[in-house]
Protein chains: 2
Amino acid sequence: MSGLSIGQVAERTGLSVHTLRFYEREGLLTQPVRRGTAGHRVYNQDDVDWLGVCIRLRASGMPLPDIRRYTELVRAGQGNEVERLEVLRGHRERVLAQMHDLDECLKLITHKVAIYEGRLGLRDNVPDCAP
Amino acid sequence: MSGLSIGQVAERTGLSVHTLRFYEREGLLTQPVRRGTAGHRVYNQDDVDWLGVCIRLRASGMPLPDIRRYTELVRAGQGNEVERLEVLRGHRERVLAQMHDLDECLKLITHKVAIYEGRLGLRDNVPDCAP
DNA sequence: GTTTGACCTAGAGTCGGCTCTAGCTTCTAC
DNA sequence: GTAGAAGCTAGAGCCGACTCTAGGTCAAAC
């Protein structure tokens, strides 16, 4: 059985039906969505899988135009691996940079948390150090 | 030396002067900015340091309202460590969640890159791909 | 036979986070 | 004394990524 309504896809991807239609307009699907009775969209498992990829890319901050570009390459079929690698490697750089930022922030938080916990611990003779 | 113009602060924080004024309006400074001749803002090192904190929090996705809230707590002075910890721990959760997402994405990228590199390897004698 | 619920389209609205503009002042250097 | 750089305010504009609305179709359940 592979014939999912937009509602079912929304349910299993976690995207809203609005967003699913929006993503389609934005060209984030590797194939045109089939239509059933009354023009209703009919998705299959491949669509859901691909949306899973898109969701991960989005969650890591890839902009929609980049996802569209990658989707187009995939849609075009084999033979453009070099371009696909270009896109993915470019994004990997950004992901690594983000991880670095998050790490920095985590250090900051840990530092501040230690200070505040310290202050709470010795509540009485509090020296006013850093904010 | 402590008496920096907005331009100097922009230079050493990497924020634009527009953004500096915007952040001020948004309440992201722990103290009202002093004014010099002709109403020009005069920052000191503490301001720059605090902006550094804000920048890290922003870079890790903390929304401006949350940064403002934290700033207000700091501005209020000692005695609200519990609330500060609440804010920071809340954000730490989100940072960890983001790291998880990035990690997932990195796995995906690594996987796909391996596939494409593999395909390119098999096609080495096909004169169709640029360096 | 009508109500309910899921779907459709085109297009408008929202929100966060900047970013820029217009019109003005003030200082420094030529 | 005038040109240029840097600053000021209030407010408008922009961009990305959704999110929602209005007005309609259709099938099944009551």
Side-chain angles (χ1 to χ4, degrees), chain A residues 3-29 32-44 47-48 51-71 87 90-91 94 98 101 105, chain B residues 3-29 32-44 47-48 51-71 90-91 94-95 98 101 105:
Chain A
L4 300 164
S5 73
I6 196 170
Q8 289 172 316
V9 173
E11 207 173 312
R12 53 196 79 178
T13 58
L15 298 171
S16 72
V17 297
H18 292 302
T19 302
L20 282 170
R21 290 193 276 249
F22 169 67
Y23 277 7
E24 184 184 339
R25 275 205 299 280
E26 291 293 299
L28 300 201
L29 291 179
V33 190
R34 273 115 301 133
R35 298 303 180 118
T37 51
H40 288 197
R41 288 170 179 81
V42 178
Y43 296 82
N44 60 31
D47 296 320
V48 175
L51 283 167
V53 172
C54 293
I55 288 167
R56 281 202 186 167
L57 293 175
R58 272 299 303 136
S60 61
M62 187 185 270
L64 292 183
D66 292 15
I67 303 184
R68 171 165 50 228
R69 161 112 176 103
Y70 181 49
T71 304
V87 173
H91 187 54
R94 275 175 297 166
Q98 274 187 80
D101 287 351
C105 182
Chain B
L4 300 164
S5 72
I6 196 170
Q8 289 172 316
V9 174
E11 207 173 311
R12 53 195 80 179
T13 57
L15 298 170
S16 72
V17 296
H18 292 303
T19 302
L20 283 169
R21 288 193 277 250
F22 169 66
Y23 277 8
E24 184 184 338
R25 275 205 300 279
E26 291 292 300
L28 301 200
L29 291 178
V33 191
R34 274 116 299 134
R35 298 304 181 118
T37 51
H40 289 198
R41 288 169 179 82
V42 179
Y43 296 82
N44 60 31
D47 295 320
V48 175
L51 282 167
V53 172
C54 293
I55 288 167
R56 281 201 186 170
L57 293 175
R58 272 299 303 136
S60 61
M62 187 185 270
L64 293 184
D66 291 15
I67 303 183
R68 171 165 50 226
R69 160 110 176 104
Y70 181 50
T71 304
H91 188 53
R94 274 175 297 166
V95 168
Q98 274 188 81
D101 286 353
C105 182

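Order of the sequence lines sets the chain letters (A, B, ...), proteins ahead of strands, with each chain counted from 1. We use all heavy atoms of the structure for the numbers below, so side chains are in, but hydrogens, waters and symmetry mates are not. This structure is a prediction, so every number in the text was calculated from the model and none was measured.
In summary, B/D47 and B/R41 do not engage in a salt bridge, as defined by a charged side-chain N under 4.0 Å from a carboxylate O.
Counting to the nearest Å, the P atom of D/dA6 and the OH atom of B/Y43 are 16 Å from each other. Protein atom CZ of B/R41 is 16 Å distant from nucleotide atom P of C/dT26, rounded to whole Å. Between the CD atom of B/E24 and the P atom of C/dG17 there is a distance of 18 Å, given to the nearest Å. Rounded to whole Å, the distance from CZ on A/R34 to P on C/dC8 is 13 Å. Between the C1' atom of C/dC8 and the CG atom of A/L20 lies a distance of 14 Å, rounded to the nearest Å. Taking atom CD1 on B/I6 and atom C1' on C/dT19, their separation rounds to 13 Å, with Å as the unit. Rounded to an integer number of Å, the gap from CD of A/Q8 to C1' of C/dG5 is 14 Å.
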*Quick one: what's the B/S/- string for nucleotides 15-30 of chain D, heavy-atom cutoff under 4.0 Å, read 5' to 3'?*
--SBBBB----S----
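In terms of the side chain to side chain contact (heavy atoms under 4.5 Å, CB included) criterion, residue partners of A/L29 (sequence neighbours excluded) are, by chain and number, A/E24, A/V33, A/Y43, A/W50, A/L51. When the salt bridge (charged side-chain N to carboxylate O under 4.0 Å, His left out) test is applied to B/R58, no partner is found at least two apart in sequence or on another chain.
The minimum heavy-atom distance between A/S16 and A/A10, with the atom names listed, is C-CB, 4.3 Å. Across A/I6 and A/L20, no two heavy atoms sit closer than the pair O-CD1, 3.5 Å.
In this model, the phosphate group of C/dT26 is not approached by any side-chain N or O of B/R35 to a distance below 4.0 Å at OP1 or OP2. The phosphate of C/dA6 has neither OP1 nor OP2 within less than 4.0 Å of any side-chain N or O from A/S5.
Put simply, the side chain of B/R68 gets close to the backbone of B/E26: a donor and an acceptor are under 3.5 Å apart.
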